[in-house]
Amino acid sequence: MKKINHALVTGGAGFIGSHLVDELLENGSMVTVVDNLSTGHRSNIDHLNDRIQFVEGDIRDAELINRVVKGCDVVFHQAAVVSVAISIQDPPHACDVNDLGTVQVLDAARRNGVRRVVMASSSAVYGDDPCLPKSEEMVPKPLSPYAVQKLTGEYYASVFKKLYGLETVCLRYFNVYGPRQDPTSPYSGVISIFMDMATTERVPTIYGDGGQTRDFIYVKDVTRANFLAATESAASGKVFNVGTGKFIRIRDLWDLIGKSSGVSMDPVFGPPRSGDIRESVSDISKIGKHLGFQPQVELRQGIKDTLHWYRSL
Ligand code: UD2
């Protein structure tokens, strides 16, 4: 297990990135954050102002990214256009950020002696494959520009390892939730939207019959997976699912959030969202075997903690 001396977190003012910064500081690392604040918020890292170096800037800016990566031994690449819907509305923009941006980050890393890059990938690469649970050996079937871009990032990671000896690890996140997830866009994570509805006593909409399943993982478990991916030697060159291996139906999720928040409201059912995936659950045996990772936060507990945060806003 290697220590992380100085980490660069791209997208470190975002939902997952900012929790990762918290985790790195708790583990005694120095941290630099680069974020263009397009979807991230300064408020996510305000509490760390005097403990990190924050650089407002874009990962596509080669001069900037080469400058900020200097002296870092690990890069956590979280910055991206994270919305599948936006990638469908504007594929060139999403491609520019998600692919060119990723190549700039990888290139800056290999030019400046970074030991390892840990990349945020997505369960989106599996598409709607009916085989369950989704395991890393399955042939990817991307269904959106976003999924293609995340898969392309994985291929670049593998090529940079082979060509330049840069250690890379790709983490395929399933549905991540927790404090700081922004509920304000219609494409925000469903847990953040349902929490917002529950705490303001508004009726949520369930798209379709609510029988679709998701594997929800608490953000702190995701940051721990990132930490292990950066420090365990067995991780280098590999792709891992980051999920819980458990699933819940969306209509049961609303019941759970309603119960936890003490509201009892029937949801409205709307038409299914186009391109919605029906079943999603991860196989986490690979990350368990190679990194010793096991999720620690049960959905019920994670929802309680997240609700506590939404109520404090
Ligand atoms: C997740 C990721 C996305 C991509 C994708 C890959 C999030 C926020 N998004 O999309 O980035 O990786 O997985 O497959 O993690 N729903 C409702 N009512 C609402 C909002 C959502 O019923 O108000 C449903 C929605 O139709 C879907 C489920 O809840 O069936 C989850 O939706 P989501 O947007 O949280 O995440 P998902 O799985 O579509």
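Computed from a prediction, not measured in an experiment: that's the story for all the values here. Whatever order the structure lists ligands and atoms in, that order sets their numbers, starting from 1.
- Looking only at heavy atoms of the protein, atom 35 (O) of ligand 1 is closest to V190 N, 2.7 Å.
- Nearest protein heavy-atom contact of atom 38 (O) of ligand 1 is R214 NE, 2.6 Å.
- Residue I277 touches ligand 1 through its side chain alone, judged by heavy-atom distances below 4.0 Å.
- When each of T102, V34, T32, V33 is paired with T10, the side chain to side chain contact (heavy atoms under 4.5 Å, CB included) condition holds for V34 and for no other.
- Any N or O atom pair closer than 3.5 Å counts here, and Q181 shares no such pair with ligand 1.
- Remark: R249 does not engage D252 in a salt bridge, criterion side-chain N to carboxylate O under 4.0 Å.
- For atom 22 (O) of ligand 1, the closest non-hydrogen atom of the protein is Y207 N, 2.9 Å.
- Counting the atoms of ligand 1 from 1 in the order shown, those under 4.0 Å from a heavy atom of I250 are 22 (O), 28 (C), 29 (O).
- Taking atom 9 (N) of ligand 1 as the reference point, the nearest protein heavy-atom neighbour is N175 ND2, 4.8 Å.
- The one candidate from N241, N175, T244 that meets the side-chain hydrogen bond (donor to acceptor under 3.5 Å, both in side chains) condition with D215 is T244.
- Remark: R42 is positioned above the aromatic ring of F54, its terminal NZ or CZ atom under 6.0 angstrom from the ring centre and at most 45 degrees off the axis.
- Atoms of ligand 1 lying under 4.0 Å from any heavy atom of T205, numbered from 1 in the order shown and given with element: 17 (C), 18 (N), 19 (C), 22 (O), 23 (O).
- Expressed to the nearest 0.5 Å, how far CE of M119 lies from CD of E154 amounts to 7.5 Å.
- Contact annotation: Y146 has at least one heavy atom less than 4.0 Å from an atom of ligand 1.
- The distance from ligand 1 to the heavy atoms of A124 drops below 4.0 Å at these ligand atoms: 6 (C), 12 (O), 14 (O).
- Because its NZ or CZ atom is both nearer than 6.0 Å to the ring centre of Y164 and within 45° of the ring axis, R110 counts as a cation-pi partner of that residue.
- The nearest protein atom to atom 30 (O) of ligand 1, hydrogens excluded, is given as D276 OD2, 2.6 Å; this is a heavy-atom distance.
- A distance-only check finds a donor-acceptor pair linking the side chain of S282 to the backbone of G245 [under 3.5 Å].
- In this structure, D209 pairs ionically with R278, as a charged nitrogen and a carboxylate oxygen lie closer than 4.0 Å.
- Residue-ligand proximity, G189 to ligand 1, at heavy-atom distances under 4.0 Å covers atoms 8 (C), 35 (O).
- A salt bridge links R214 with D276: at least one charged nitrogen is closer than 4.0 Å to a carboxylate oxygen.
- Heavy-atom contacts of V84 reach the following atoms of ligand 1: 3 (C), 4 (C) (cutoff under 4.0 Å).
- There is a protein heavy atom closer than 4.0 angstrom to atom 17 (C) of ligand 1.
- When non-hydrogen atoms are compared, ligand 1 lies under 4.0 Å from the backbone of V82 (N, CA, C, O) but not from its side chain.
- Close N/O approach between R273 and ligand 1 is found [any backbone or side-chain N/O within under 3.5 Å].
- The side-chain tip of R172 points at the ring of Y126 from less than 6.0 angstrom away and within 45° of straight on.
- Applying the salt bridge (Lys or Arg N to Asp or Glu O under 4.0 Å) test between R180 and each of D46, D305, D22 identifies D22 as the sole match.
- Near S122, the atoms of ligand 1 lying under 4.0 angstrom from a non-hydrogen atom of the residue are 4 (C), 12 (O).
- Scanning the protein for heavy atoms near atom 24 (C) of ligand 1, the closest one is Q212 NE2, 4.0 Å.
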